[in-house]
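Heads up, the thing below is written out as structure tokens.
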Amino acid sequence: METAEPVSPLDRPFGDDRPARLATLDADPAAEAVLAELRAALPADRLLTDPDTIGPYVHDEAEWAEYGTPVAVVRPRTTDEVAAVVRSCARHHVAVVPRGAGTGLSGGANAVDGCLVLSLERMNDIVEIDPGERLAVVQPGVVNDHLRAAAAAQDLWYPPDPASAPWSTIGGNVATNAGGLCCVKYGVTRDYVLALEVVTAAGEIVRVGRRTAKGVVGYDLAGLMVGSEGTLGVITEVTVRLRPLRTTPPRTVVGFFDSLADTGAAVAAVTAAGLQPAVFELIDRHSLRAVNEWRNAGLPENAAALLLAQTDLPEPAATAEAEGILAAFEACGAKDAMISTDAVEADALFEARRMVYPALEQRADAVLTEDVCLPRQKLADMLAEVERIGERHTTFIATVAHAGDGNLHPLIIVDRHDVDARRRAQSAFEEIIDAAIARGGTVTGEHGVGLLKRAGMRREQSPQVLSMQRAIKAALDPLGILNPGKVVG
């Protein structure tokens with residue numbers, strides 16, 4: 001199939017959602033055959049081929065990752081329809097790129113030239129919530145927060161809470177093994193997936209995993225699918241475990257620190273004391289200043305960083321844990337530390353954490369989000385290195401972090417119209433990856449590999465490990481039609 005070269009991120013402005021090369025692609029017989037079959041097999045509203053309607057589906061939130069031009073977008077409503085799409089694409093060797101809500105930050109849902117984008121947004125039913133077994137069965141297009149609300153109505157809780165929870169879908173969360181603020185204590189998406197319904201690369205419908213609390217029959221194929229980013233199969237149903245709803249009002253501990261070294265020491269001290277906050281977040285000085293400028297939040301701007309920890313234990317354990325966290329903060333030099341029992345005050349502090357990204361967007365045309373994870377003892381050193389990288393490349397970088405598990409999100413500010421600034425930002429991005437690897441870290445803690453982290457993955461993992469993963473990909477997708485070029489591509 002003759003296709004145009006992918007659109008380079010340096011040859012177009014950020015945020016250009018138009019598949020500009022659509023008109024230049026020659027009609028491909030294989031793609032035309034697939035479209036003919038799908039028009040005959042599916043209701044008319046399932047298929048989008050007009051450039052204006054396709055535009056919003058060609059890439060995710062990773063604005064600097066390359067993307068190609070799809071021949072169509074398919075929006076199925078049932079597993080059988082998904083299977084029909086994949087079978088047709090397999091017959092004609094046409095690529096399939098699965099997509100959730102498009103909130104990903106690694107380019108994992110970006111189209112490739114000549115593909116069909118398979119959007120699962122319309123498969124959004126909560127099939128079942130079983131309070132007795134503490135589980136839910138949902139379609140992949142269910143929004144994270146909608147599942148959490150439905151579970152809460154039955155006194156249950158679904159803990160994974162990525163920052164995109166109000167918009168991101170469970171299928172996308174599973175595909176990337178999403179994390180969030182609560183994962184420091186309660187784990188990431190993989191820890192809650194019990195079973196999956198999957199359409200294979202051959203268009204067959206299979207079920208992997210189990211509904212029982214325990215089960216060790218065969219290889220963990222459900223675990224393999226979690227985090228596979230649509231490269232091994234298309235997830236069409238997810239069974240997740242639930243926990244009892246938390247009802248204890250949380251206690252929030254806040255501390256401001258004069259140095260990154262003291263901040264890192266405080267994180268290590270909390271862990272060393274055997275304390276387990278439900279949330280443990282870091283906001284650096286650049287982020288604090290940005291939030292103040294945007295919303296006049298009154299946060300101290302002369303602090304190197306702010307640490308926020310929250311305990312959700314019942315009393316009297318909650319008070320004891322909060323006091324232990326406060327003592328660790330003060331012992332490590334916090335100049336202003338306190339325990340807040342005022343829910344409004346605590347919510348305001350966490351709202352400041354949530355406001356960092358939009359606040360930084362006010363400063364520039366694009367905010368490029370990194371995602372690396374370090375051993376907690378290396379947190380302060382990595383924060384300082386990120387600042388040095390920004391200075392070396394004359395690039396503004398602010399950082400927030402899930403401090404409790406060492407997951408840093410450096411936020412790189414870029415003028416989307418300045419090609420040189422974008423090249424400097426790309427260099428800074430790669431140096432941050434290398435710095436994390438050098439400190440025993442990993443190139444992504446929760447955003448996934450997608451397109452942006454493939455080179456970093458090759459630097460982090462051995463050739464033998466990469467070969468094992470490519471062998472799995474070849475076994476499950478021998479034609480290479482599922483999300484080609486992503487992860488191990």
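The model shown is predicted, which means the values in this text are computed figures rather than measured ones.
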- line: Shortest non-hydrogen pair, A380 vs A261, comes out as CB-CA, 3.9 Å
- line: Residues passing the side-chain hydrogen bond (donor to acceptor under 3.5 Å, both in side chains) test with H146, sequence neighbours excluded, are none
field: Flag for N407-D371: side-chain donor and acceptor within less than 3.5 Å
entry: yes
query: Would E237 and T79 satisfy side-chain hydrogen bond (donor to acceptor under 3.5 Å, both in side chains), going step by step from the backbone distance to the final call?
result: CA-CA 8 Å; E237 188 179 271; T79 298; over 6 Å; no
- request: Given salt bridge (charged side-chain N to carboxylate O under 4.0 Å, His left out), test E391 with R388 step by step and report yes or no.
  value: CA-CA 5 Å; E391 292 170 0; R388 290 191 290 268; over 6 Å; no
query: How far apart are the C-alpha atoms of H393 and E431, what are their side-chain angles, what is the distance that settles it, and do they pass the side-chain hydrogen bond (donor to acceptor under 3.5 Å, both in side chains) test?
result: CA-CA 10 Å; H393 294 281; E431 279 200 30; 2.7 Å; yes
message: As a quick check of understanding, evaluate salt bridge (charged side-chain N to carboxylate O under 4.0 Å, His left out) for R423 and D420, giving each step before the final call.
response: CA-CA 5 Å; R423 292 189 190 280; D420 183 61; over 6 Å; no
query: Side chains of T189 and Y158: does their closest heavy-atom pair fall under 4.5 Å?
result: yes
task: Locate the shortest heavy-atom distance separating R243 from P159; write the atom from each residue and the value.
output: CD-CG, 3.5 Å
- line: The side-chain contact (heavy atoms from CB on, under 4.5 Å) partners of T369 (sequence neighbours excluded) come to L105, Y357, H409, L411, H447
Partners passing side-chain contact (heavy atoms from CB on, under 4.5 Å) against R470 (at least two apart in sequence or in another chain): R458, L466, V488
field: Under the side-chain contact (heavy atoms from CB on, under 4.5 Å) test, residues paired with A290 that sit two or more places apart
entry: A359, L360, R363
message: Applying ring pair (Phe, Tyr, Trp, His ring centres under 6.0 Å) as the test, list every pair that has at least one member in residues 457-489; sequence neighbours left out.
response: none
message: If the condition is side-chain contact (heavy atoms from CB on, under 4.5 Å), which residues does T271 pass it with, not counting sequence neighbours?
response: R376
- prompt: Taking C-beta and beyond as the side chain, do V449 and K486 meet within less than 4.5 Å on heavy atoms?
  reply: no
